[in-house]
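I have placed the structure first, in the form of structure tokens, so that the comments after it can refer back to it.
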2 protein chains.
Amino acid sequence: MTTRWLSPDEQRAWRAYIAASVLLEDTIDRQLQQEAGMPHVYYSILANLSEVPERRLRMTELAEGLKITRPRLTYAVARLEKDGLVRRESCQWDKRGSVAVLTDEGMAVLEQAAPGHVETVRAALFDRLTPEQVGQLEEIFTSVTEGLQGEGGGSEEVPWRRRSSPSCS
Amino acid sequence: MTTRWLSPDEQRAWRAYIAASVLLEDTIDRQLQQEAGMPHVYYSILANLSEVPERRLRMTELAEGLKITRPRLTYAVARLEKDGLVRRESCQWDKRGSVAVLTDEGMAVLEQAAPGHVETVRAALFDRLTPEQVGQLEEIFTSVTEGLQGEGGGSEEVPWRRRSSPSCS
DNA sequence: TAGGTTTGCTTCAAACTTGAACCAAGCCCC
DNA sequence: GGGGCTTGGTTCAAGTTTGAAGCAAACCTA
């Protein structure tokens with residue numbers, strides 16, 4: 001099959017997206033590194049834990065929520081644990097499993113870092129968008145996520161299913 | 001000043017964007033790693049070089065175009081040079097400078113990898129968007145790039161200027 | 001034209017990410 | 001209830017990214 005190249009419109013959109021997303025991630029990473037001493041993903045780990053009952057989540061659930069690989073999460077949580085922001089417990093119901101728990105100190109760090117983070121996101125993104133554009137942004141990327149969810153990466157045919165496992169109290 | 005938190009709409013948009021952009025980058029990285037043996041940024045380096053007269057660019061111009069740091073580019077070009085896809089020449093007009101040149105082999109690798117890459121981008125993104133959404137995407141992220149261009153990261157006041165240096169033939 | 005500053009790029013150490021093993025605990029099914 | 005497969009998670013080596021130095025060539029400017 002002959003390649004369906006991008007149209008000029010699509011090219012421009014793609015380039016704009018790539019440039020902006022790189023700049024945006026860099027900006028956020030730098031800001032959080034400065035004010036909280038950690039990169040964006042690490043902050044997101046704390047944030048995710050903070051929003052969940054008991055502030056505890058199975059490693060795999062956390063990884064799935066953040067769309068990152070398990071080894072990456074293992075490494076990150078190890079660092080956060082060393083810093084005292086997260087504690088690790090083993091899951092009682094499933095001896096294989098382990099659970100990450102946000103500590104009080106982790107919660108404190110998160111709360112202290114949150115305003116600066118939100119301000120950065122606002123300044124870089126939302127302050128520049130109209131309300132309609134906010135809606136457009138959500139629609140576009142929700143659609144992209146749906147398309148990518150669970151597809152291996154190419155021509156796989158793995159039927160995808162979601163487990164709703166409890167966080168193992 | 002009290003924090004201006006994100007509204008529910010903004011929250012949803014932000015989460016959708018983060019999730020999708022992570023998934024998208026991962027998908028592209030994996031595809032290119034498989035089919036071209038290199039991550040997305042490396043591919044972009046080749047692509048940028050291919051679009052420019054003489055297929056040569058000063059390191060800094062290249063880094064600016066890709067929105068990546070100089071050390072990162074140095075490392076990447078070193079690898080690409082080792083693979084024979086890029087050659088490095090020193091700039092005659094400015095003895096400090098060095099120039100990256102896309103080799104014929106690099107061009108060949110690029111051309112061979114391009115269709116698969118475009119197909120991935122299409123499948124993940126453009127095939128799911130209406131023409132209006134393509135326009136919206138461009139507008140939103142062009143605006144974000146403009147906002148972020150040249151700002152250090154926070155409260156700096158550095159007036160930004162662009163040099164239009166020739167690529168040092 | 002000497003001295004100090006800037007610019008262009010690289011080097012370095014430390015942190016992070018990746019994919020491929022690896023391992024132990026559950027699951028299945030006879 | 002003992003193989004064999006799957007699942008949950010970690011470990012490992014190799015590769016990449018980062019920010020801080022470092023270094024040499026240009027650029028002032030007196």
Side-chain angles (χ1 to χ4, degrees), chain A residues 22 25-34 37-45 57-64 66-83 86 88-100 152-153 158 161-163 165-168, chain B residues 22 25-34 37-45 57-64 66-83 86 88-100 152-153 158 161-163 165-168:
Chain A
V22 170
E25 250 316 271
D26 274 15
T27 303
I28 293 175
D29 266 334
R30 255 195 304 281
Q31 187 270 327
L32 281 172
Q33 195 68 54
Q34 290 252 327
M38 65 183 77
H40 191 192
V41 204
Y42 289 54
Y43 175 91
S44 299
I45 292 173
L57 235 29
R58 288 287 294 264
M59 293 297 276
T60 297
E61 289 180 296
L62 200 42
E64 278 174 357
L66 297 166
K67 277 91 172 86
I68 64 177
T69 60
R70 259 99 52 95
R72 186 177 180 184
L73 180 62
T74 296
Y75 180 89
V77 166
R79 198 262 233 192
L80 292 172
E81 187 172 33
K82 185 151 53 68
D83 295 347
V86 159
R88 226 131 129 196
E89 294 177 6
S90 65
C91 178
Q92 294 189 305
W93 309 345
D94 183 343
K95 296 288 178 53
R96 295 166 299 181
S98 70
V99 184
V158 182
R161 73 217 137 86
R162 181 104 188 73
R163 232 178 337 282
S165 46
S167 288
C168 175
Chain B
V22 170
E25 250 316 272
D26 275 14
T27 302
I28 293 174
D29 267 334
R30 254 195 304 281
Q31 187 269 326
L32 281 172
Q33 195 68 55
Q34 290 252 328
M38 66 183 77
H40 190 192
V41 205
Y42 290 53
Y43 175 91
S44 299
I45 292 172
L57 235 29
R58 289 285 294 264
M59 293 296 276
T60 297
E61 289 180 295
L62 200 42
E64 278 174 357
L66 297 165
K67 278 89 173 92
I68 65 177
T69 60
R70 258 101 50 96
R72 186 177 180 184
L73 181 62
T74 296
Y75 180 90
V77 167
R79 199 260 235 193
L80 291 172
E81 186 171 34
K82 186 151 53 67
D83 295 347
V86 159
R88 225 130 126 195
E89 295 177 3
S90 66
C91 178
Q92 293 190 306
W93 309 346
D94 183 342
K95 296 288 179 51
R96 295 167 300 181
S98 69
V99 185
V158 182
R161 73 217 136 87
R162 181 104 188 72
R163 231 178 338 282
S165 46
S167 288
C168 175

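Just so you know, these numbers come straight off a predicted model, no measurement behind them. Numbered from 1 within each chain, the chains take letters A, B, ... in sequence-line order.
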Separation of D:dT7 P from A:E61 CD (nearest whole Å): 16 Å
Where at least one partner belongs to residues 69-79 of chain A, residue pairs that pass salt bridge (Lys or Arg N to Asp or Glu O under 4.0 Å), sequence neighbours excluded: A:R79-A:D83
Between D:dA13 (P) and A:R72 (CZ): distance, integer Å: 21 Å
Set of residues satisfying side chain to side chain donor-acceptor pair (under 3.5 Å) with respect to B:Q33, sequence neighbours excluded: none
Protein-nucleotide distance (A:K67, atom NZ; C:dT17, atom P), rounded to Å: 17 Å
Contact check, side chains of B:S44 and B:H40, non-hydrogen atoms, under 4.5 Å: yes
Residue met sooner reading DNA chain D from 5', once A:Q33 and B:Q33 are mapped to nucleotides: B:Q33
Minimum-distance pair of heavy atoms, taken over all atoms of A:L73 and A:I45: CD1-CD1, 3.6 Å
Protein-nucleotide distance (B:E64, atom CD; C:dG8, atom P), rounded to Å: 8 Å
Residue mapping more 5' on DNA chain D - nearest nucleotide basis, A:D29 or A:P71: A:P71
For the student: nearest non-hydrogen atoms of B:R58 and B:C91, plus distance: NH1-SG, 3.6 Å
All N/O pairs under 3.5 Å across the protein-nucleotides 22-27 of chain D interface:
| residue | atom | partner | partner atom | Å |
| --- | --- | --- | --- | --- |
| D:dA26 | OP1 | B:K95 | N | 2.9 |

Phosphate OP1/OP2 of D:dT18: any A:R30 side-chain N/O under 4.0 Å: no
Short side-chain N/O contact from B:R70 to OP1 or OP2 of C:dT7, under 4.0 Å: no
For A:E81, side chain to side chain donor-acceptor pair (under 3.5 Å) partners two or more places apart: A:R88
Whole-Å gap separating C1' (C:dT10) and CD (B:E89): 18 Å
pair B:K95-B:S90: side-chain heavy atoms closer than 4.5 Å: no
For A:S98, all residues meeting side-chain contact (heavy atoms from CB on, under 4.5 Å), sequence neighbours excluded: A:M59
Presence of A:T69 side-chain N/O under 4.0 Å of C:dT18 phosphate oxygens OP1/OP2: yes
Residues in contact with DNA chain D, drawn from residues 74-83 of chain A - heavy-atom cutoff 4.0 Å: A:T74
A:E25 CD to C:dT17 C1', straight-line distance once rounded to whole Å: 14 Å
Length of the line joining A:R58:CZ and C:dA25:P, which is rounded to integer Å: 14 Å
Contact under 4.0 Å: B:S98 side-chain N or O vs C:dT10 OP1/OP2: yes
Close side-chain approach of A:L57 and A:V99, heavy atoms under 4.5 Å: no
Between C1' of C:dT18 and CG of B:L32, the distance in whole Å: 15 Å
